[in-house]
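Atoms within each ligand, like the ligands themselves, are counted from 1 in listed order.
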Amino acid sequence: MCMKGRVHRYEGYPMWKTTVPIRVMRLVGVSDVIISTATGGLNRGYKIGDVMIIKDHINMPGFSGDSPLIGKNDERFGPRFPGMSNAYDKQLRQEAKNVVKEMGIEESVHEGVYVMLGGPSYETVAELRLLRLLGADAVGMSTVAEVVVARHCGMRVFAFSLITNKCIMDWDTDDEPLHTEMLSSHSGEPPDQMPAV
Ligand SMILES: O=P(O)(O)O[C@@H]1C[C@H](O)[C@@H](CO)O1
Ligand SMILES: Nc1nc2[nH]cnc2c(=O)[nH]1
């Protein structure tokens with residue numbers, strides 16, 4: 001089962017609504033889910049067009065109490081308090097890294113921590129510097145709620161992000177992240193990581 005895009009919290013949907021496709025997948029028998037996302041690179045070693053295999057996340061909306069699991073727990077799917085310490089399946093990540101190694105594209109495929117913000121505004125320089133200090137390697141506006149719901153109902157998760165822009169982390173620049181730039185960062189040939197995906 002494949003999805004063409006997703007809906008986002010910033011479009012006005014409650015967090016739980018953005019994750020309905022995950023529960024539909026579960027109900028039709030899907031056990032493993034692969035999630036992709038476009039992100040800004042916080043890690044200075046990342047270039048536009050690189051891929052980051054997500055090994056963990058920082059759920060900023062969760063810090064303020066926003067969650068797709070708010071409200072009465074639906075026991076048909078999972079427990080009231082699901083654990084998140086193994087959210088990104090070790091074995092699936094290792095399999096992906098083996099393929100990356102076989103293909104000799106380690107230069108452009110990393111493994112790191114994804115941080116979700118609500119958006120739709122991009123981050124300030126101060127916010128990006130804080131997020132990097134917190135240990136995040138890439139920043140986006142989605143993915144985390146889907147992962148929480150997938151883990152709640154016992155699915156294995158593999159997630160990766162395409163680095164579409166390098167986050168602007170110093171004040172002495174007039175650059176601005178533009179969504180059009182994100183979209184055009186890969187309107188050309190498919191990236192050489194595509195076969196690995
Ligand atoms: O749906 P994702 O998270 O991949 O898309 C990201 C977040 C925003 O929708 C958009 C910002 O450029 O890219
Ligand atoms: N929050 C956020 N999401 C993104 N998606 C693609 N680039 C970015 C970015 O710089 N910040």
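Close contacts between ligand 1 and T37 involve ligand atoms 2 (P), 3 (O), 4 (O) [criterion: under 4.0 Å to a heavy atom]. Close approach of ligand 1 to H8 (heavy-atom distance below 4.0 Å) involves ligand atoms 1 (O), 2 (P), 3 (O), 5 (O), 9 (O). For ligand 2 and G140, the ligand atoms under 4.0 Å from any heavy atom of the residue are 1 (N), 2 (C), 3 (N).
Note on ring orientation: taking the six-membered ring where Trp is involved, the planes of H110 and Y46 are parallel (angle under 30°, cut-offs 30° and 60°). Taking the six-membered ring for Trp and thresholds of 30 and 60 degrees, Y10 and H8 have nearly parallel ring planes, at less than 30 degrees apart.
The local environment of CZ in R76 is sparse, with at most 12 non-hydrogen atoms from other residues, nucleotides or ligands closer than 6.0 Å. In the displayed structure, K47 atom NZ is contacted under 6.0 Å by more than 12 heavy atoms of other residues, nucleotides or ligands.
Of the possible donor and acceptor atoms, one in the side chain of T124 sits under 3.5 Å from a partner among the backbone N and O of E127. Of the possible donor and acceptor atoms, one in the side chain of R93 sits under 3.5 Å from a partner among the backbone N and O of Y88.
Below 3.5 Å of separation, one finds an N or O of Y122 facing an N or O of ligand 1. Ligand 2 has a nitrogen or oxygen under 3.5 angstrom from a nitrogen or oxygen of A38. At least one N or O atom of N165 sits closer than 3.5 Å to an N or O atom of ligand 2. Between G40 and ligand 2, an N or O atom pair is found at a separation short of 3.5 Å.
At a heavy-atom cutoff of 4.0 Å, ligand 2 is contacted by the side chain of T164 but not by its backbone.
Relative to atom 11 (N) of ligand 2, the option among E123, M116, M60 with the closest non-hydrogen atom is E123. Checking R6, M141, E146 against atom 2 (P) of ligand 1, the nearest heavy atom belongs to R6.
One finds no salt bridge joining E106 and K97 here, because no Lys/Arg side-chain nitrogen approaches an Asp/Glu carboxylate oxygen to under 4.0 Å.
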